[in-house]
Number of protein chains: 2
Amino acid sequence: MTDVSRPAISPGASPLFLREDEIRRGIELLYFGYTRLTNAIDQELAKQSLGRAHHRALYFIARQPDLTVGELLKLLAITKQSLGRVLKELQEQDFILTSPGVVDRRQKLLRLTEKGAGLESELFRQLRQKLSSAYVSAGQESVTGFWHVLEGLIPENDRKMVFDLRGDNG
Amino acid sequence: MTDVSRPAISPGASPLFLREDEIRRGIELLYFGYTRLTNAIDQELAKQSLGRAHHRALYFIARQPDLTVGELLKLLAITKQSLGRVLKELQEQDFILTSPGVVDRRQKLLRLTEKGAGLESELFRQLRQKLSSAYVSAGQESVTGFWHVLEGLIPENDRKMVFDLRGDNG
DNA sequence: CGAGATACGTCAGTCATGTTGACGTATCTT
DNA sequence: AAGATACGTCAACATGACTGACGTATCTCG
């Protein structure tokens with residue numbers, strides 16, 4: 001313990017030894033990065049008189065066609081009343097369509113119309129532009145680090161839900 | 001072009017060639033990671049009858065004591081009417097105090113009271129818990145990658161503002 | 001000095017998105 | 001047949017954003 005220039009405990013041994021500034025930097029970058037990414041599509045959404053809430057629904061339905069209302073509720077973590085309004089508006093404007101569940105007829109399966117798929121892919125295109133330029137400027141190794149840290153922010157109980165978005169379809 | 005199983009151009013050569021799945025993964029992790037991190041302090045805020053908007057103001061004032069209203073407006077990117085309400089409530093509940101600008105008396109300098117500093121540090125403690133456990137589980141190299149990608153999401157024009165939060169004070 | 005720009009505040013109305021609570025109906029499970 | 005589940009819906013309300021208009025104090029500069 002004669003060398004005071006470094007902690008006796010190796011960096012990263014425990015969360016308690018992380019410097020405050022590293023945490024604040026993460027908080028700030030997450031805040032600005034997230035808001036700037038989502039800003040990227042606000043104009044396009046406004047053209048269709050839609051908001052962020054509509055986009056989130058649209059996104060997950062695109063990601064998992066024939067998603068049920070219950071599954072979407074879990075992903076969005078909002079009340080069914082809130083989601084109901086959003087889905088109603090999306091349906092009225094012909095962005096989504098629904099069908100009764102095949103195995104369980106109480107369920108309602110959600111799917112994009114052609115119009116909905118067109119909008120979603122335009123919105124995705126704009127998000128991809130921003131995100132891939134960030135990926136490219138940071139480099140592939142940074143990208144996997146980016147993923148790993150974010151995965152660590154998701155509580156154990158929610159991880160399966162998030163990971164299940166990948167793999168079982170496109 | 002006889003091998004359709006891989007693109008002819010090497011991965012990462014240009015943003016256009018990034019696989020859709022890598023982009024969707026980023027969008028989803030950013031969404032879930034960000035919301036789960038911010039969820040971490042909702043209960044504590046509710047105890048004080050405050051919301052997320054109050055926390056954001058509190059956070060930046062803690063980060064840059066004697067911040068002006070105009071600077072805070074740029075950081076938050078909301079209207080002065082919205083911010084006005086938030087600051088008024090924070091002041092009424094004795095979390096912040098203001099003083100006229102020294103060099104320019106039109107300005108209003110914002111600063112935390114002792115009570116405000118206490119609350120901010122408790123909220124920070126909870127955010128740090130979540131974020132440092134993510135940092136530790138991902139490893140230091142992942143953390144720098146995480147930072148680099150997020151920096152790439154912030155438009156050139158905004159970067160100085162974000163980077164200036166560091167360095168000139170704690 | 002005086003005109004205009006700037007920093008900040010404020011009144012008034014609106015919108016988007018979330019909440020709680022209560023109830024109704026169809027369908028599935030046992 | 002009874003109860004659980006999936007979904008819908010009515011009503012009231014909270015939060016945090018917005019636009020537009022206007023007022024005051026202070027600074028800057030010709």
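All heavy atoms count here, side chains included; hydrogens, waters and symmetry mates do not. A, B, ... follow the sequence lines: proteins, then strands. Residue 1 opens every chain.
- A straight line from NZ of A:Lys88 to C1' of D:dT9 spans 9 Å, rounded to a whole angstrom.
- Between the CG atom of B:Leu83 and the P atom of D:dC18 there is a distance of 10 Å, given to the nearest Å.
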Can you pull every protein N or O that's under 3.5 Å from an N or O on nucleotides 11-16 of chain D?
from	atom 1	to	atom 2	distance (Å)
D:dG16	OP1	B:Arg52	N	3.0

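- Contact detail for A:Ser142 and B:His148: the closest heavy-atom pair is OG-CD2, 3.8 Å.
- B:Gly84 comes within 4.0 angstrom of no nucleic acid atom, judged by non-hydrogen atoms across all strands.
- Out of C:dC8, C:dT27, C:dA7, the shortest distance to the side chain of A:Arg106 is found at C:dT27.
- The CG atom of B:Leu73 sits 14 Å away from the P atom of C:dT10 (whole-angstrom rounding).
- With respect to the salt-bridge test (charged N to carboxylate O, under 4.0 angstrom), the residues A:Arg125 and A:Glu122 qualify.
- Residues A:Gln64 and A:Glu71 bring no donor and acceptor atom of their side chains to less than 3.5 Å of each other.
- The NZ-P distance, from B:Lys80 to D:dA25, rounds to 15 Å in whole Å.
- Dashed line: the shortest gap from a side-chain N or O of A:Thr79 to OP1 or OP2 of C:dT19 is under 4.0 Å.
- Rounded to the nearest 0.5 angstrom, B:Arg166 CZ and A:Arg25 CZ are separated by 4.5 Å.
- Ring pair B:Tyr135/B:Trp147 is perpendicular by interplanar angle, where above 60° counts as perpendicular and below 30° as parallel.
- Regarding B:Leu110, its CG atom lies at a distance of 14 Å from the P atom of C:dA7, rounded to whole Å.
- Between the CG atom of B:Leu45 and the C1' atom of C:dT19 there is a distance of 17 Å, rounded to whole Å.
- Side-chain atoms of A:Thr113 come within 3.5 Å of backbone atoms of A:Phe95 as a donor-acceptor pair (strictly under, hydrogens ignored).
- In the set D:dG8, C:dA7, C:dT27, the nucleotide with an atom closest to the side chain of B:Gln107 is C:dA7.
- Taking atom CG of residue B:Asn39 and atom P of nucleotide C:dG18, one finds them 13 Å apart after rounding to whole Å.
- Between B:Arg105 and D:dT26 there is a side-chain polar atom (N or O) within less than 4.0 angstrom of OP1 or OP2.
- Residue A:Lys108 places no side-chain atom within donor-acceptor reach of the base of D:dG8, judged by atom type and a 3.5 Å distance cut-off alone.
- Take A:Tyr34 and apply the ring-ring contact (aromatic ring centres under 6.0 Å, His included) test, not counting sequence neighbours, and it matches B:Tyr34.
- When rounded to the nearest whole Å, the span between CG of A:Leu72 and P of D:dG8 equals 11 Å.
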